Asks: 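For reference, the structure I am asking about is given below.
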Amino acid sequence: MGMGPSVEDRHVSGDAWAVMEKFYAAEAAYVAAGGYGKADYGPAAACLDPEVVLHQAPGLPFTGTGTWRGRDGLERFLARFSEVWESMEFLEQEHWGEGDTVLVRNQVRFRARATGREVETLILQQIRVRDGRMLECRPFYWDQAAIVEACGWTGSDGEGENPVG
């Protein structure tokens with residue numbers, strides 16, 4: 001799966017966006033290869049600060065309790081994400097920001113492993129980087145209902161990764 005066309009950078013300095021371009025490519029490759037035990041996590045891990053935090057909204061098939069900490073936490077998240085999706089393709093991307101913060105608008109197409117259904121959706125992300133690596137990410141999914149439907153998901157599986165206080 002390729003990254004697809006990227007919108008020309010008119011809004012952000014190269015550092016934060018360059019980190020995210022590398023991460024998005026590594027993430028898509030990890031999912032396409034089948035996730036944990038089948039895919040190489042190294043390229044994704046190389047984009048992550050050791051203290052990285054991913055703040056996911058609970059209530060989706062792959063988000064667990066919502067907060068995933070450190071490179072090990074992100075590996076567990078990507079493993080879970082890869083169990084849900086068999087492919088992801090970035091169709092369009094726009095980004096804005098300065099210095100260590102970037103806001104990214106991703107139009108993404110996912111294919112669910114369980115159902116084979118595809119869903120095209122918008123994800124907005126607020127990302128901070130430190131020393132050339134992702135430090136914090138807060139994604140916002142435009143159409144959570146469409147994601148849940150595509151996966152055939154009926155609710156929480158009770159797992160909790162890295163719970164928040």
Side-chain angles (χ1 to χ4, degrees), residues 1-33 35-36 39-85 87-110 119-144 147 159-165:
M1 292 279 125
M3 289 263 310
S6 180
V7 175
E8 282 187 34
D9 181 8
R10 299 180 308 264
H11 312 288
V12 76
S13 63
D15 292 341
W17 177 241
V19 169
M20 293 316 301
E21 280 187 305
K22 288 177 191 172
F23 180 77
Y24 291 139
E27 179 184 35
Y30 185 89
V31 169
Y36 188 78
D40 181 7
Y41 180 61
C47 299
L48 304 174
D49 187 274
E51 297 176 6
V52 65
V53 180
L54 171 63
H55 303 278
Q56 287 278 2
L60 289 172
F62 48 84
T63 57
T65 58
T67 300
W68 305 77
R69 296 181 187 281
R71 289 179 179 149
D72 290 344
L74 266 284
E75 184 173 20
R76 286 190 302 274
F77 168 76
L78 283 178
R80 187 173 187 151
F81 190 83
S82 298
E83 290 171 4
V84 174
W85 303 115
S87 68
M88 65 184 296
E89 180 180 2
F90 293 95
L91 304 173
E92 185 179 318
Q93 295 177 303
E94 270 187 283
H95 42 89
W96 304 266
E98 287 185 25
D100 66 353
T101 302
V102 63
L103 301 174
V104 183
R105 178 193 164 278
N106 290 301
Q107 187 71 30
V108 183
R109 180 183 301 128
F110 295 107
V119 62
E120 209 172 287
T121 192
L122 179 66
I123 304 169
L124 301 174
Q125 295 176 312
Q126 177 186 4
I127 299 146
R128 285 190 316 130
V129 298
R130 176 171 67 188
D131 298 328
R133 294 191 169 106
M134 184 187 351
L135 176 63
E136 183 178 28
C137 181
R138 292 179 183 273
F140 302 90
Y141 298 87
W142 181 255
D143 192 347
Q144 291 186 359
I147 291 169
E159 283 189 41
E161 298 285 339
N162 301 313
V164 177

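Heavy atoms only: backbone and side chains are in, while hydrogens, waters and symmetry mates are out. The model shown is predicted, which means the values in this text are computed figures rather than measured ones.
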Asks: Can you find a heavy atom in the side chain of Leu122 that is under 4.5 Å from one in the side chain of Gln107?
Replies: yes
Asks: Mind checking the CD-CH2 spacing from Glu94 to Trp17? Nearest 0.5 Å is all I need.
Replies: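 Here the interatomic distance stands at 10.0 Å.
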Asks: Return the minimal non-hydrogen interatomic distance between Arg71 and Val52, and the atom names on each side.
Replies: N-CG1, 3.9 Å
Asks: Run the side-chain contact (heavy atoms from CB on, under 4.5 Å) test against Val84 and tell me which residues pass, sequence neighbours left out.
Replies: Pro61, Phe62, Cys151
Asks: Are side-chain heavy atoms of Leu135 and Val129 found at a separation under 4.5 Å?
Replies: no
Asks: So Trp85 and Ile147, do their side chains get closer than 4.5 Å, heavy atoms only?
Replies: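 In contact.
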Asks: Sequence neighbours excluded, which residues qualify as side-chain contact (heavy atoms from CB on, under 4.5 Å) partners of Pro43?
Replies: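 For Pro43, the residues satisfying side-chain contact (heavy atoms from CB on, under 4.5 Å) (neighbours in sequence not counted) are Ala26, Asp40.
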Asks: Could you give all pairs that pass the salt bridge (Lys or Arg N to Asp or Glu O under 4.0 Å) test and reach residues 49-58, with sequence neighbours left out?
Replies: Asp49-Arg130, Glu51-Arg130
Asks: Among all residues two or more places apart in sequence or in another chain, which pass the side-chain contact (heavy atoms from CB on, under 4.5 Å) test with Asp143?
Replies: Thr121, Ala145, Ala146
Asks: Can you tell me how far CD of Gln56 sits from CZ of Phe140, rounded to the nearest 0.5 angstrom?
Replies: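 Reported value, rounded in 0.5 Å steps: 10.0 Å.
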Asks: Can you tell me how far apart CG (Leu103) and CH2 (Trp96) are? Round to the nearest 0.5 Å.
Replies: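 These two atoms lie 7.5 Å from each other.
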Asks: Which atoms form the tightest heavy-atom contact between Ala33 and Ala39, and what is the distance?
Replies: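 Shortest heavy-atom contact: CB-CB, 3.6 Å.
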Asks: Please report the shortest heavy-atom distance between Val19 and Gly132, naming the atom on each side.
Replies: CG2-O, 3.1 Å
Asks: Check side-chain hydrogen bond (donor to acceptor under 3.5 Å, both in side chains) between Arg109 and all other residues, then give those that pass, not counting sequence neighbours.
Replies: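 Partners of Arg109 under the side-chain hydrogen bond (donor to acceptor under 3.5 Å, both in side chains) test: Glu89, Glu120.
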Asks: Among Glu92, Gln125, His95, Gln93, find the one that has a side chain to side chain donor-acceptor pair (under 3.5 Å) with Arg105.
Replies: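 In the set Glu92, Gln125, His95, Gln93, the residue that makes a side chain to side chain donor-acceptor pair (under 3.5 Å) with Arg105 is Glu92.
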Asks: Between Tyr24 and Val104, is the side chain to side chain contact (heavy atoms under 4.5 Å, CB included) condition met? List the steps.
Replies: CA-CA 11 Å; Tyr24 291 139; Val104 183; 3.5 Å; yes
Asks: Checking Val108 now: which residues fulfil side-chain contact (heavy atoms from CB on, under 4.5 Å) with it, not counting sequence neighbours?
Replies: Met88, Phe90, Asn106, Phe110, Ile123
Asks: So, using ring pair (Phe, Tyr, Trp, His ring centres under 6.0 Å) as the criterion, who are the partners of Tyr41 when residues are at least two apart?
Replies: none
Asks: Could you pull out all residues at least two apart from Arg128 that satisfy salt bridge (Lys or Arg N to Asp or Glu O under 4.0 Å)?
Replies: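 Salt bridge (Lys or Arg N to Asp or Glu O under 4.0 Å) check on Arg128 returns Glu136.
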Asks: Can you pull the salt bridge (Lys or Arg N to Asp or Glu O under 4.0 Å) pairs that have at least one residue in residues 23-33, sequence neighbours excluded?
Replies: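 Checked against salt bridge (Lys or Arg N to Asp or Glu O under 4.0 Å) - neighbours excluded - no pair reaches residues 23-33.
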Asks: Please name the pair of heavy atoms, one in Pro139 and one in Leu54, separated by the smallest distance, quoted to 0.1 Å.
Replies: CD-CD1, 3.9 Å
Asks: List for me each residue that meets ring pair (Phe, Tyr, Trp, His ring centres under 6.0 Å) alongside Tyr30, sequence neighbours excluded, and say none if there are none.
Replies: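 Checked Tyr30 against ring pair (Phe, Tyr, Trp, His ring centres under 6.0 Å); zero matches.
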